[in-house]
**Q** 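Quick one: the structure is below, questions incoming.
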Amino acid sequence: MRILITGGAGFIGSHLCDRLLDEDHQVIAMDNLMTGTVENIAHLWGNERFRFIKHDVTNYVFVEGPLDAVLHLASLPSPVDYLNFPIQTLKVGALGTHKTLGLAMTKGARYLLASTSEVYGDPLEHPQSEDYWGNVNPIGPRGVYDESKRFAEALVMAYHRSHGVDTRIARIFNTYGPRMRMDDGRVVPNFVGQALRGDPLTVYDEGKRTRSFCYISDQVEGLVRLLFSEEVEPVNIGNPQEMTILEFAHRVLEVTGSKSRITFIEPTDARTADDPQVRCPDISKARKVLGWSPTVPLEEGLKSTAVYFQEKM
Ligand code: UDP
């Protein structure tokens, strides 16, 4: 297959490039390099089945030749990034989805949207299954990300229903691993970086909020299975092993053997505004329709992530 991956120089996008090239497909990575980096795909230079196009998908997207699949991963998924770039976040979710759906329609390509657990907002149902409609503050600082992805899902379903585009929607929960940007502000790079440097781990508020962390290879496996499945409606892809952020801080200290202490801080900026109190995927649907569930234990995934960050440092 000939596959376009937007956000192909980003964290998840670049791992998807690797995986699909390994399966002998042709891959075109498209990225405006706002948060993605060529370092993530530098090892693919010289692979004749790989191409990179620097382009911002909020503008008209042109790709020469046939395409069998379009995977729309371009996004600003880190809260720090989308708080700093709210308009770009809305544009890539809305205009970028529109442009890439139009491309998929023209080429007769299958389309996969990387959506998010943030569509559930600060959830009133726990764990979150795909039929929960969510609890999102549309005008809050996080709303720019959440609403852009909610709009994107609506647009995908509209193109499916009105134009017959063959679509897939992955609701991606917190994912971590090598190639995350160390300065992207999310809890995994923050804590692992702090632990490696011997700096205090910055637990926001009391660390009682919960998350569950999916290792990148598991995430990619789930996305690829979804792409090649027949499931049109959204599927949660995440790890259901839930823990508080304080517990997570202790796990990072154990795995890295760090002597860092834990510090509790109360951010006064928008970082924790509308921060979901709990988050955990119900993955019954992914188990049933994709035969997928995560396999990489947190310790193992954190070790590989720490090795990557150590090398970067
Ligand atoms: N968090 C934290 N310290 C940090 C960074 C994040 O306590 O240095 C918390 C944050 O408030 C949230 C959780 O960790 O409750 C996960 O945050 P992240 O930015 O990784 O992603 P989110 O799941 O909120 O999209």
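Computed from a predicted structure; not experimentally measured. Start at 1 and go down the list; that is how both ligands and their atoms are numbered.
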**Q** For ligand 1, which atoms have a heavy atom of F191 less than 4.0 angstrom away?
**A**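 Those qualifying, in numeric order: 3 (N), 4 (C), 8 (O).
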**Q** Name the closest protein heavy atom to atom 2 (C) of ligand 1, giving the residue it belongs to and the distance to 0.1 Å.
**A**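 Residue, atom and distance for the closest contact: Y204 CD1, 3.3 Å.
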**Q** Going by distance alone, is a donor N or O of one side chain under 3.5 Å from an acceptor N or O of the other, for H43 and D18?
**A** yes
**Q** Do we see a donor-acceptor contact under 3.5 Å between the side chains of N236 and S117?
**A** no
**Q** Tell me the contacting part of N190 for ligand 1: side chain, backbone, both, or neither, using a 4.0 Å heavy-atom threshold, strictly below.
**A** side chain
**Q** Give the numbers and elements of all ligand 1 atoms closer than 4.0 Å to a heavy atom of I245.
**A** 7 (O), 13 (C), 14 (O)
**Q** Suppose I only count heavy atoms of T272 and a 4.0 Å limit; which atoms of ligand 1 are within that range?
**A** 11 (O)
**Q** I'd like to know whether ligand 1 has Q194 as a neighbour, heavy-atom separation below 4.0 Å.
**A**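 The answer is no, since Q194 has no heavy atom less than 4.0 Å from ligand 1.
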**Q** Could you tell me which atoms of ligand 1, counted from 1 in the order shown, lie closer than 4.0 angstrom to a heavy atom of D275?
**A** 10 (C), 11 (O), 12 (C), 15 (O), 24 (O)
**Q** For a quick check under 3.5 Å, do E153 and S115 share a side-chain donor-acceptor pair by atom type?
**A** yes
**Q** What do you reckon, does F248 put a non-hydrogen atom under 4.0 Å from ligand 1?
**A**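 For ligand 1, residue contact (heavy atoms, under 4.0 Å) with F248 is absent.
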**Q** Are any non-hydrogen side-chain atoms of V203 and T263 less than 4.5 angstrom apart?
**A** no
**Q** Would you say the side-chain atoms of T210 and E242 include a donor-acceptor pair closer than 3.5 Å?
**A**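 A donor-acceptor contact under 3.5 Å links the two side chains.
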**Q** Any nitrogen or oxygen of R186, main chain or side chain, under 3.5 Å from a nitrogen or oxygen of ligand 1?
**A** no
**Q** Quick one: look at R209 and ligand 1, take heavy-atom pairs under 4.0 Å, and tell me if it's side chain, backbone, both or neither.
**A**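 For R209, the contact with ligand 1 is made by the side chain alone.
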**Q** Answer with yes or no whether R279 contacts ligand 1, where contact means a heavy atom under 4.0 Å from a ligand atom.
**A**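 For ligand 1, residue contact (heavy atoms, under 4.0 Å) with R279 is present.
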**Q** Run the salt-bridge test on K312 and E39 with the 4.0 Å N-O cut-off and return the result as yes or no.
**A** yes
**Q** Quick one: does ligand 1 sit under 4.0 Å from the side chain of V187, the backbone, both or neither, non-hydrogen atoms only?
**A** both
**Q** Side chain or backbone of R271 under 4.0 Å from ligand 1, or both, or neither, by non-hydrogen atoms?
**A** neither
**Q** With distance as the sole criterion, is a donor-acceptor pair present between the side chains of N137 and R142 under 3.5 Å?
**A**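 Judged by distance alone, the side chains do not pair up.
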**Q** Heavy-atom pairs closer than 4.0 Å: do any link ligand 1 to the side chain of N174, the backbone, both, or neither?
**A**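 Under 4.0 Å from ligand 1, N174 contributes side-chain atoms alone.
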**Q** Yes or no: does G207 have any heavy atom under 4.0 Å from an atom of ligand 1?
**A**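 Contact absent.
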**Q** With a cut-off of 6.0 Å (strictly less than), are more than 12 heavy atoms of other residues, nucleotides or ligands near NE2 of H25?
**A** yes
**Q** State whether a side-chain donor-acceptor pair under 3.5 Å links S14 with R179.
**A**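 Their side chains do contain a donor-acceptor pair, which is all the 3.5 Å distance test asks for.
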**Q** Can you tell me which portion of E206 lies within the under-4.0 Å heavy-atom range of ligand 1? Options are side chain, backbone, both, or neither.
**A** neither
**Q** Hydrophobic side-chain clustering at under 4.5 Å (ILVMFWY, transitive links): who's grouped with Y159? Put none if nobody.
**A** L4, I28, M30, I53, V57, V61, V63, L67, V70, V92, L101, L103, M105, Y111, L113, F151, L155, V156, M157, V165, I169, V232
**Q** At less than 4.0 angstrom from any non-hydrogen atom of R142, what atoms of ligand 1 do you find?
**A**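 By the 4.0 Å cutoff, the relevant atoms are 22 (P), 24 (O), 25 (O).
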**Q** Can a donor-acceptor pair be found between the side chains of N135 and D122 at a distance below 3.5 Å?
**A**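 No, because no side-chain N or O of N135 sits under 3.5 Å from a partner of the opposite role on D122.
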**Q** Please state which protein non-hydrogen atom is closest to atom 23 (O) of ligand 1 and give its distance, to 0.1 Å?
**A** R211 NE, 2.6 Å
**Q** Just jot down the ligand 1 atoms closer than 4.0 angstrom to any heavy atom of E118, in number order.
**A**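 Matching atoms, with element in brackets: 25 (O).
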